[in-house]
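Counting starts at 1 for both ligands and their atoms, following the listed order. In this chain, residues are counted from 1 in sequence order. As the structure is a computational prediction, the values presented were derived from the model and not from experiment.
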Amino acid sequence: MSQQDAGGTGALGAEQVEQPPAPDIDISKPHVARMYDYFLGGKNNYAADRQAAEAALKATPEVRLAARANRRFLIKSVRWLAQEAGIRQFLDIGSGLPTQQNVHEVAQSVDPNARVVYIDNDPLVRVHADVLLATDPNTIVLEADMRDPKALLDRPEIREHLDFSQPIALLLVAVLHFIRNHDEAYAIADTLREALPPGSYVVLSHVMLPEQLTEGQKETLATYNTRTATGLTLRTRDQIARFFQGLTPVGSGLSLIADWTIGNEHDSYGDDVISIDEIPALKGFPLMCGVARVDG
Ligand SMILES: C[S@@+](CC[C@H](N)C(=O)[O-])C[C@H]1O[C@@H](n2cnc3c(N)ncnc32)[C@H](O)[C@@H]1O
């Protein structure tokens, strides 16, 4: 499977009107999950998403490359966690739409019994994932909002699917910057992390507030903040580092996307999303990412 198109957006003639795949899905406004899908070259997006994404790209063309590099970070981290750290359980919050090399596919390439829970509050994710996962008993997808992390952790489906006495990788990849309030973002990350036993890991990426935003970056930020429901909240390097407080960083630790390594850069995982030769073009791009261990 590379990309799913359960919504039937596909290639449309100019005269065709796009229809949402379920009545509760509003396709009239841009949504961050579908804009990201567009950046990655997916088909699970609608006219409003494409227009907003194009506006963001016009102002900051590197956004497309950064989205692909973020995906490579996710793929390489999951591969490393399964292969090198022996992790067999993944809790992926803000999982996004099915795309190339989804978390369960990467983890199950190491161990077919690896278990994955995908959580996202975009109902479109549920529609697509239902199609994608129909035949995989080791992976479930829940439509839920991380803004109530306690309620999320109490969901019986999660407790039935994951064993919280064994290490779990918590993925918070490109999602916490959709929470405007700093204290709320920290409370979400802390509550989720505190539920994990020692030997677990946290995988995080987050757009950074640089010392000086370029005019293009300001425009892209304005596109997100005026057109999408969540907006995009940039945080400084120190504010992002706070998410890793008390954890033990692995690989290069929390790094800018162009500088990040974990030790498996030369295996081919993630190379179909972005080749390693393209990464230097993102030198200095303000997206931070890292993996860290929960030691107790
Ligand atoms: C940019 S995508 C990242 C997808 C994937 N984690 C990755 O990095 O490839 C962010 C995802 O977070 C989801 N999201 C945003 N706010 C959320 C919330 N409060 N609860 C759950 N998911 C959320 C969006 O719907 C979207 O699918």
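- Aromatic ring orientation, Trp80 versus Tyr201: perpendicular (interplanar angle above 60°, classes split at 30° and 60°).
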Could you pull out the N/O contacts under 3.5 angstrom between ligand 1 and the surrounding protein atoms?
from: ligand 1; atom 1: 6 (N); to: Gly94; atom 2: O; distance (Å): 2.7
from: ligand 1; atom 1: 6 (N); to: Val173; atom 2: O; distance (Å): 2.9
from: ligand 1; atom 1: 8 (O); to: Tyr36; atom 2: OH; distance (Å): 3.4
from: ligand 1; atom 1: 8 (O); to: Asn70; atom 2: ND2; distance (Å): 2.9
from: ligand 1; atom 1: 8 (O); to: Val173; atom 2: O; distance (Å): 3.4
from: ligand 1; atom 1: 9 (O); to: Tyr36; atom 2: OH; distance (Å): 2.6
from: ligand 1; atom 1: 9 (O); to: Arg71; atom 2: NH1; distance (Å): 2.7
from: ligand 1; atom 1: 19 (N); to: Asp145; atom 2: OD1; distance (Å): 2.8
from: ligand 1; atom 1: 20 (N); to: Met146; atom 2: N; distance (Å): 3.0
from: ligand 1; atom 1: 22 (N); to: Asn121; atom 2: N; distance (Å): 3.3
from: ligand 1; atom 1: 22 (N); to: Asn121; atom 2: OD1; distance (Å): 3.4
from: ligand 1; atom 1: 25 (O); to: Asp120; atom 2: OD1; distance (Å): 2.6
from: ligand 1; atom 1: 27 (O); to: Asp120; atom 2: OD1; distance (Å): 3.4
from: ligand 1; atom 1: 27 (O); to: Asp120; atom 2: OD2; distance (Å): 2.6

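- Under the side chain to side chain donor-acceptor pair (under 3.5 Å) criterion, Glu54 pairs with Tyr38, sequence neighbours left out.
- Between the side chain of Glu62 and the backbone N or O of Ala281, no donor-acceptor pair lies under 3.5 Å.
- Listed by chain and number, the residues in a salt bridge (charged side-chain N to carboxylate O under 4.0 Å, His left out) with Arg193 are Asp190 (sequence neighbours excluded).
- Counting only N and O atoms by type, the side chains of Ser255 and Ser252 include a donor and acceptor under 3.5 Å apart.
- By the salt bridge (charged side-chain N to carboxylate O under 4.0 Å, His left out) test, Arg237 is found to be paired with no residue, residues two or more places apart in sequence or in another chain being considered.
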